[in-house]
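A short worksheet on the structure shown next.
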4 protein chains.
Amino acid sequence: MQSRTAASRPGRPRSATADTAILAATRDALVELGWSKLTLGDVATRAGVAKTTLYRRWPGKNELVVDAVAELFDELELPDRGSLAADIEGVVLQFATILARPEARSGLMAVVAESTRDDALRQRIRESIVDRQKCLVLEGRSRAQARGELPPEPDPSESARTADLIFDVIAGAVVHRALVSAEPVDTDWAHSFAGLLLNGLTASATA
Amino acid sequence: MQSRTAASRPGRPRSATADTAILAATRDALVELGWSKLTLGDVATRAGVAKTTLYRRWPGKNELVVDAVAELFDELELPDRGSLAADIEGVVLQFATILARPEARSGLMAVVAESTRDDALRQRIRESIVDRQKCLVLEGRSRAQARGELPPEPDPSESARTADLIFDVIAGAVVHRALVSAEPVDTDWAHSFAGLLLNGLTASATA
Amino acid sequence: MQSRTAASRPGRPRSATADTAILAATRDALVELGWSKLTLGDVATRAGVAKTTLYRRWPGKNELVVDAVAELFDELELPDRGSLAADIEGVVLQFATILARPEARSGLMAVVAESTRDDALRQRIRESIVDRQKCLVLEGRSRAQARGELPPEPDPSESARTADLIFDVIAGAVVHRALVSAEPVDTDWAHSFAGLLLNGLTASATA
Amino acid sequence: MQSRTAASRPGRPRSATADTAILAATRDALVELGWSKLTLGDVATRAGVAKTTLYRRWPGKNELVVDAVAELFDELELPDRGSLAADIEGVVLQFATILARPEARSGLMAVVAESTRDDALRQRIRESIVDRQKCLVLEGRSRAQARGELPPEPDPSESARTADLIFDVIAGAVVHRALVSAEPVDTDWAHSFAGLLLNGLTASATA
DNA sequence: CGTTAATCGAGACGGTACGTCAAGTCTTTTC
DNA sequence: GAAAAGACTTGACGTACCGTCTCGATTAACG
């Protein structure tokens, strides 16, 4: 006894290629028009799809853009450059590369702005984008601990709180630098930032 | 020899009270409706003003909201709590208090999102909001140097770059914690963050 | 081999009832407000239709009013009262009855005024209103010729020119009496006018 | 004891040249823009005058245009061409010449259209434009009677009614020909029309 | 000859309607 | 029954004029 799967549902099945085409069209439209001038009718046209098809799959502009942008962040991965400082530097530069793409810039910030008044949307953003990257912090830390660069966690309950703090610092600083200050996140800056953070972490740990 | 002042310009002078009423109405509307449902017609009605009066003074929604939100951030000031850590903690909590207000949350992030495709808007944000707060970093640092908590700047050209970095880290982390992670920026978090940053600064300086 | 008929066109077909409702609402609004205070938004509301639906079918206020007024003139028909004088009298009174309706008064003159600067509009007025009534003149004349009241046309090329002249005289005189002089077009006046015209026609013909 | 004349009123007297400039500017604007796109702000600008100056002298667009157009019709005069037919022909051609000017075409018909819902305006039109030309009919008729072309009026009460009828026929036919049928009012047409009317008049009179 | 008062220019004001555009829904035919 | 097509309602957009108002600056007759 199972709920009717898509395959076994009667009638014409949903086109599998449509989803891909719609998300790609959404990103294209974000690049050309930005968030505020992006219209679902235009996205549908670009995707070669009727507006109704689009509304059947996403409830609205916000959710569509979250999904379209989320795919961009999936390419983030933790490089193993041999030291914690170099790893931080690497992930910062990767993050900056993604934020340099206009579809990521407008899309991400816009949905975050919308999420300030829409808890379901914020939940969706966290699940689709934020939390999937938080493991990078955990992995980086445990790798550094294995290398002996950081001491092991004394208190497991404290561990998660610290990881959240580090994540907010890294992600927040890069986003602020890139989008608000609008200064380049280049090797120099990444190096300075990684130095500051690393010093903070080791000093805090030994204190 | 001066450019025509407002007083000597011919014609009926602009109502002085209108600006105040409009900005207040904008913040009210942000609270009730959020950025995306805020309409200039509604703001005008709330302010008891005609739509044309609003458009005569601001080119659009973006610029209006920047000015409306900017006033919120003017209340930020650097507390003198006796130590750099305490000062950082204090300013972080002040910042968090402002970001807890719904008009600041939606307004700020939305205009930042818009500014990713509008350089003039980004410039306006920087002048009206960001740069006016950057002096807090400069003042805090020099106060810490006077206290002997931080060494004096060796290289003046480096000094500005470091201040920018610190500003991006503080502002970015608080914004990310408050709006993206959507976790409370409470005394605990502020304390942990101030500790991390302070350690990073002192260790970096002595290294 | 035909151009796609309405029935076989893809997509939702246009509502058939909307046209009727819009034209009726236009006439209602003309009665209540007159031409200059008539707004398309108000017409749409009266018709229970969205403004966009209205604009999808008519390019603007002028064309809409032409169509709305044209239907009023379709009820004109040539009475057979047994003599040319009586027929003229009858049609003049019919015309006057229509011009007594406020929707015809304001609507007709206004679109004629607009048509002085818009050739397409003038063409539309002629096709929808003027030329459809010109056959009344032709029919009345041939009926009078059959009765022997008027001689048959000697020169067929002259025939059309004379019909145009008669039409301009009848329509012009009635309109001028009703709208400019603002005096009643009653049986007396119609009788005097028909007498004058009839005398002119017979005298000219025998001359 | 007299009501304060303009001359004796205290304060700065109204500029005498302004009226002339405004009426001329109104006609210019009618030529370029037509009635519906003519705005009082634009007229004021063209006349080199402030909008308030304009509103101080005319209550609105309708009245202004009536006055501006009325001046055009003052140049109508009855030619003495030696016969009634020729006199009619002459005045018809003069009328047609005025109606060929775009400011007369749009202006006249538009205010007539407006007057269908504004009795004060209709009164103003009659006083400023229509009635001032009605004497042409009276003068033409008495001249024809002096020549013996028409019999003297038997019944003086009938006399005014007939003059009104003739006026409506002439003015109405010319306007309808020129503006509705949009055919040229040339010598040929004027000749045919004058013949028709003359025959009607003489036949009626002798009947 | 200075006061007085209505004029002048300029332009901001509260309104109202404009014609367009996008959102999201609904109704067709086609696949 | 999903899909494309496109008409539908709704509501905001930013603009243009309306007719009124508030300014400072003229400009004549009156005292």
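Residue numbering restarts at 1 for every chain, and letters A, B, ... go by the order of the sequence lines. Because the structure is a prediction, the values reported are computed rather than measured.
- For the pair C:Arg117 (side chain) and D:Glu32 (backbone), a donor-acceptor distance under 3.5 Å is present.
- At the phosphate of E:dT7, OP1 or OP2 sits under 4.0 Å from a side-chain N or O atom of D:Arg14.
- Between F:dG14, E:dG9, E:dA23, one nucleotide has an atom nearer to the side chain of D:Thr52 than all others, and that is E:dG9.
- Contact annotation: side chain of C:Lys51 to base of E:dG19, donor-acceptor pair present below 3.5 Å.
- Nearest-nucleotide assignment on DNA chain F puts the 5′-proximal partner with C:Ala18, out of C:Ala18 and D:Gly60.
- Between A:Arg56 and F:dA2 there is no side-chain polar atom (N or O) within less than 4.0 angstrom of OP1 or OP2.
- Applying the 3.5 Å distance criterion, the base of E:dC26 shares a donor-acceptor pair with the side chain of C:Arg12.
- If you find the closest nucleotide of DNA chain F to C:Arg57 and to D:Gly41, the one lying nearer the 5' end belongs to C:Arg57.
- Side-chain N/O atoms of B:Arg9 include none lying less than 4.0 angstrom from OP1 or OP2 on E:dG9.
- Note on A:Thr53: a side-chain N or O is less than 4.0 Å away from OP1 or OP2 of F:dA4.
- Salt bridge absent: C:Glu114 and C:Arg122 never bring a charged side-chain N and a carboxylate O closer than 4.0 Å.
- Remark on DNA chain E: of its neighbouring residues C:Gly11 and A:Lys61, the 5'-side contact belongs to A:Lys61, judged by nearest-heavy-atom nucleotide.
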